[in-house]
Amino acid sequence: MDRVLIVIGFVVFWVAMISLIFWGWRGRQKRQAESIGTFPHVPDDLGATLLDASTGLYVGSTVAPSWQDRIAVGDIGHRATGELSRHEKGILLTRTAESTIWIPQESVRAIRTERGLAGKVMSKDGLLVIRWELPTGTEIDTGFRADDKQIYPSWVDPNTDTNTDDSKETTA
């Protein structure tokens, strides 16, 4: 009888913890809904392909400059395999079993490599991170871990400052 009560207690505790996780995720969705808004739709004409599609893992998107403040609105917070390609009019991230993310060219602020994003940390320069601005004015970072890391130099703009630590001051 004691074991049955311990098992029941454990199951109740486990269900309570899972419920708290979902409650926290829904709270995050509500807090972010206004500042995130809706994501841009993929246009019918993408323009010429500048960089061919590369396969990899969509790690997630975070509110810039925080590398851990994962976006929870819609399915944007879900990791998924996908393909990343660059076109004249923007960047297309097609995710398996999730919605497609379209980043208009005029919204792109920086493209750089990072060590981690959205709670996923790996080796130096293991992620390709695209900082872009949503129609609401909120800047976000979108992370993609390519299967072939050799593509990163063709994505990264050499004129972009890769230092994303906004707390550091520079002196002239």
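Please read these numbers as outputs of a predicted model, since none were measured by experiment.
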Practice task
I would like to know whether Glu88 and Leu50 meet side-chain contact (heavy atoms from CB on, under 4.5 Å); could you show each step before the answer?
Solution key: CA-CA 7 Å; Glu88 277 182 343; Leu50 303 177; 4.3 Å; yes
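- A continuous path of ILVMFWY side-chain contacts below 4.5 Å connects Ile103 to Leu84, so both sit in one hydrophobic cluster.
- The shortest distance between side-chain heavy atoms of Gln32 and Ile71 falls below 4.5 Å.
- Taking the side chain as every heavy atom from C-beta outward, Ser66 and Asp141 never approach each other to under 4.5 Å.
- Hydrophobic clustering (side-chain heavy atoms under 4.5 Å, transitive across Ile, Leu, Val, Met, Phe, Trp, Tyr) groups Ile36 together with Val108.
- Within the structure, salt bridge (Lys or Arg N to Asp or Glu O under 4.0 Å) pairs that include any residue of residues 45-73 comprise Arg28-Asp69, Asp45-Lys89 (at least two apart or interchain).
- Note that CG of Leu128 is 12.5 Å distant from CZ of Arg145, once rounded to the nearest 0.5 Å.
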Practice task
Determine, stepwise, if the pair Ile140 / Thr62 fulfils side-chain contact (heavy atoms from CB on, under 4.5 Å).
Solution key: CA-CA 6 Å; Ile140 66 171; Thr62 62; over 6 Å; no
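- Rounded to the nearest 0.5 Å, atoms CD (Glu133) and CD (Glu106) are 10.5 Å apart.
- Annotation: side-chain contact (heavy atoms from CB on, under 4.5 Å) contacts of Ala53 (sequence neighbours excluded): Glu83, Ser85.
- Residues Pro153 and Gln150 approach most closely at CD-O, 3.3 Å, considering heavy atoms.
- Applying the under-4.5 Å side-chain rule to Ile, Leu, Val, Met, Phe, Trp and Tyr, the cluster around Val12 extends to Val4, Ile8.
- One distance of note links OG of Ser54 with CG of Asp147; it measures 8.5 Å at 0.5 Å rounding.
- Summarising the hydrophobic clusters (Ile, Leu, Val, Met, Phe, Trp, Tyr; side-chain heavy atoms under 4.5 Å, direct or chained), the residues clustered with Leu92 are Val42, Leu46, Trp102.
- In this view, Leu5 satisfies the side-chain contact (heavy atoms from CB on, under 4.5 Å) rule with no residue, not counting sequence neighbours.
- Residue pairs meeting the salt bridge (Lys or Arg N to Asp or Glu O under 4.0 Å) criterion with at least one member in residues 53-64, sequence neighbours excluded, do not occur.
- Side-chain contact between Leu93 and Ile91 is absent, with no heavy-atom pair separated by less than 4.5 Å.
- Qualifying side-chain contact (heavy atoms from CB on, under 4.5 Å) partners for Ser35, counting only residues two or more places apart in sequence or in other chains: Thr138.
- Using a 4.5 Å heavy-atom cutoff, the side chains of Val129 and Trp67 are not in contact.
- The salt bridge (charged side-chain N to carboxylate O under 4.0 Å, His left out) test applied to Glu139 returns Arg109, not counting sequence neighbours.
- Trp25 belongs to no hydrophobic cluster, as no Ile, Leu, Val, Met, Phe, Trp or Tyr side chain comes under 4.5 Å of its own.
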Handout entry: Stepwise side-chain contact (heavy atoms from CB on, under 4.5 Å) check, Arg79 with Val59
Key = CA-CA 5 Å; Arg79 287 191 177 131; Val59 174; 3.9 Å; yes
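- For Tyr152 (side chain) and Gly126 (main-chain N/O), a donor-acceptor pair under 3.5 Å exists by modelled atom type.
- The list of salt bridge (Lys or Arg N to Asp or Glu O under 4.0 Å) pairs with a residue in residues 90-100, not counting sequence neighbours, reads Asp75-Arg95.
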Handout entry: Stepwise side-chain contact (heavy atoms from CB on, under 4.5 Å) check, His87 with Gln105
Key = CA-CA 8 Å; His87 304 272; Gln105 183 59 39; over 6 Å; no
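- When all heavy atoms of Ala80 and Thr96 are compared, the pair lying nearest together is CB-O, 3.8 Å.
- When the shell of 6.0 Å around CD of Glu34 is examined, it contains 12 or fewer heavy atoms from other residues, nucleotides or ligands.
- In this structure, the side-chain contact (heavy atoms from CB on, under 4.5 Å) partners of Ile18, at least two apart in sequence or on a different chain, are Trp14, Ile21, Phe22.
- Under a hydrophobic clustering in which Ile, Leu, Val, Met, Phe, Trp and Tyr are joined whenever their side-chain heavy atoms come within less than 4.5 Å, directly or via other members, Val63 and Ile111 fall into the same cluster.
- Residues Lys124 and Glu114 are not in side-chain contact: their nearest non-hydrogen atoms beyond the backbone lie 4.5 Å or more apart.
- In this structure, the side chains of Leu51 and Ser154 come closer than 4.5 Å at one or more pairs of heavy atoms.
- By the criterion of side-chain heavy atoms lying less than 4.5 angstrom apart, applied directly or through intervening Ile, Leu, Val, Met, Phe, Trp or Tyr residues, Tyr58 is grouped together with Trp155 in one hydrophobic cluster.
- In this structure, CD1 on Ile130 lies 9.0 Å from OG on Ser61, to the nearest 0.5 angstrom.
- The ring-ring contact (aromatic ring centres under 6.0 Å, His included) pairs that include a residue from residues 108-151 are Phe39-Trp132, where partners are two or more places apart or lie in different chains.
- Two residues are said to be in side-chain contact when any heavy atoms from C-beta on lie closer than 4.5 Å; Arg131 and Arg112 meet this criterion.
- Residues Ile101 and Val73 fall within the same hydrophobic cluster, defined by Ile, Leu, Val, Met, Phe, Trp and Tyr side chains chained together at heavy-atom separations under 4.5 Å.
- Checking Thr94 against Thr100 by side-chain atom types alone, no donor-acceptor pair falls below 3.5 Å.
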